[in-house]
Amino acid sequence: MTVAASANWKELEQKIGASVKFGRRPVAVAFLDAVPDGVSRFDGTEPSSCSFWRLAAAGKVFYTIPENHFNCAVGAYTHNIPLSPERERETEQTLKMMFDLGYVKPEEVPQIPRLAKTPKAIVYAPLGDTPVDPDVVLFASKPAAAMLLNEAAARAGASSGAPPLGRPTCMALPASLAHGSILSLGCIGNRVYTGLGEDEIYIVLRGKDLAAIAEALAVIAGANSALQIYAQGRRSELATL
């Protein structure tokens with residue numbers, strides 16, 4: 001299967017990066033019904049599905065198949081990837097540990113967003129280098145940068161309106177795909193596997209919304225600069241402590 005990217009994703013990454021600063025490159029993720037031609041297959045093992053975000057942010061372009069996600073019980077669930085009987089037992093053990101620790105309640109599991117169908121392949125790449133049109137794009141950023149993108153998504157009519165999500169972080173992908181922009185506070189597993197900083201969070205945007213959000217971002221960034229000067233002046237004039 002050959003999929004040609006229909007948008008200039010490199011230009012969009014540069015345009016967004018001109019208004020919002022990131023510590024790492026945004027990651028494009030595409031859920032495909034067939035293995036793509038001309039894209040390298042992931043070779044190796046990783047402990048979690050979100051570990052692939054770290055590799056893509058560092059510049060790697062590749063695709064995974066469902067088996068590459070078997071080490072991650074939670075990621076397999078949110079990606080709608082059926083596990084082998086042996087791995088299902090590992091999933092039960094992992095969930096039991098989380099239940100016993102009080103990390104999550106059993107009744108919460110069915111409420112976790114997941115993909116509607118199992119992908120045959122998942123492509124990961126830095127946004128500007130993606131060989132296929134992404135379904136979602138992940139931005140790891142400081143809260144101030146996420147605020148700007150969140151406001152731009154709202155201006156572009158691409159906001160989900162959902163509150164920030166917590167654990168598991170990977171549920172932000174199917175949630176965004178279904179509803180629009182999603183803020184994620186990250187979870188401890190994701191922070192370990194990806195190296196996300198204590199002062200960073202995620203915002204996840206749909207690929208199809210990105211061009212409109214980039215346009216809106218120019219207006220939002222300018223408005224925030226003007227409002228910052230206005231607020232600084234008011235603070236200087238009116239604050240007594």
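Just the heavy atoms: all of them, side chains too, but no hydrogens, waters or symmetry mates, feed the values below.
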message: Checking R114 now: which residues fulfil salt bridge (Lys or Arg N to Asp or Glu O under 4.0 Å) with it, not counting sequence neighbours?
response: none

- request: Verify side-chain contact (heavy atoms from CB on, under 4.5 Å) between W53 and L196, making sure each step is shown before the conclusion.
  value: CA-CA 10 Å; W53 308 358; L196 187 73; over 6 Å; no

Ignoring hydrogens, what is the shortest heavy-atom contact between [X] and [Y]? Give both atom names and the distance.
X: G166; Y: M171; value: O-CE, 3.9 Å
X: A121; Y: A34; value: CB-O, 3.9 Å
X: S160; Y: S181; value: OG-O, 2.6 Å
X: Y193; Y: S51; value: CB-OG, 3.6 Å
X: P66; Y: K120; value: CD-O, 3.4 Å
X: T78; Y: G75; value: OG1-O, 3.2 Å

Between [atom1] of [X] and [atom2] of [Y], what distance do you get to the nearest 0.5 Å?
X: N150; Y: L217; atom1: CG; atom2: CG; answer: 11.5 Å
X: L148; Y: S19; atom1: CG; atom2: OG; answer: 8.0 Å
X: K117; Y: N80; atom1: NZ; atom2: CG; answer: 10.5 Å
X: T169; Y: N190; atom1: OG1; atom2: CG; answer: 4.0 Å
X: N8; Y: E13; atom1: CG; atom2: CD; answer: 11.0 Å
X: C170; Y: I112; atom1: SG; atom2: CD1; answer: 8.0 Å

pair [X]-[Y]: side-chain heavy atoms closer than 4.5 Å:
X: T130; Y: V61; answer: no
X: Y63; Y: I122; answer: no
X: P126; Y: V27; answer: no
X: R155; Y: E151; answer: no
X: F52; Y: V29; answer: no
X: P119; Y: D33; answer: no
X: P26; Y: I16; answer: no
X: L165; Y: L183; answer: no

So does [X] pair up with [Y], basic N to acidic O under 4.0 Å?
X: R54; Y: E46; value: yes
X: K142; Y: E200; value: no
X: D135; Y: R206; value: no

message: I'd like to know if the side chain of D133 pairs up with that of W9 as donor and acceptor (distance under 3.5 Å, no hydrogens or angles considered).
response: yes

- request: Mind running side-chain hydrogen bond (donor to acceptor under 3.5 Å, both in side chains) on T194 and Y202 for me, showing each step along the way?
  value: CA-CA 12 Å; T194 67; Y202 291 104; 3.3 Å; yes

- request: Please confirm whether the backbone N or O of A145 pairs with a side-chain atom of S141, one donor and one acceptor, at under 3.5 Å?
  value: no

query: More than 12 non-hydrogen atoms from neighbouring residues, nucleotides or ligands closer than 6.0 Å to CG on D199, yes or no?
result: yes

- prompt: Counting only heavy atoms not in E67, do more than 12 fall under 6.0 Å of its CD?
  reply: yes

message: If the test is side chain to side chain contact (heavy atoms under 4.5 Å, CB included), which one of V204, I201, L149 qualifies with F139?
response: L149

field: Residues clustering with V219 (ILVMFWY side chains joined when closer than 4.5 Å, directly or via others)
entry: none

query: What's in the same ILVMFWY side-chain cluster as L83, cut-off under 4.5 Å, chained through other members?
result: F70, I81

message: Between E215 and K15, does the salt bridge (charged side-chain N to carboxylate O under 4.0 Å, His left out) criterion hold? Intermediate values first, please.
response: CA-CA 9 Å; E215 289 295 326; K15 187 172 185 178; 2.2 Å; yes

query: Is the centre of the F62 ring less than 6.0 Å from the centre of the Y124 ring?
result: yes

message: Show, in sequence, the C-alpha distance, side-chain angles and deciding distance for T64 and V123, and conclude whether the side-chain contact (heavy atoms from CB on, under 4.5 Å) test is met.
response: CA-CA 7 Å; T64 63; V123 173; over 6 Å; no

- prompt: Given M147 and N224, is the side-chain contact (heavy atoms from CB on, under 4.5 Å) satisfied, shown in steps?
  reply: CA-CA 10 Å; M147 175 198 72; N224 271 266; 3.4 Å; yes

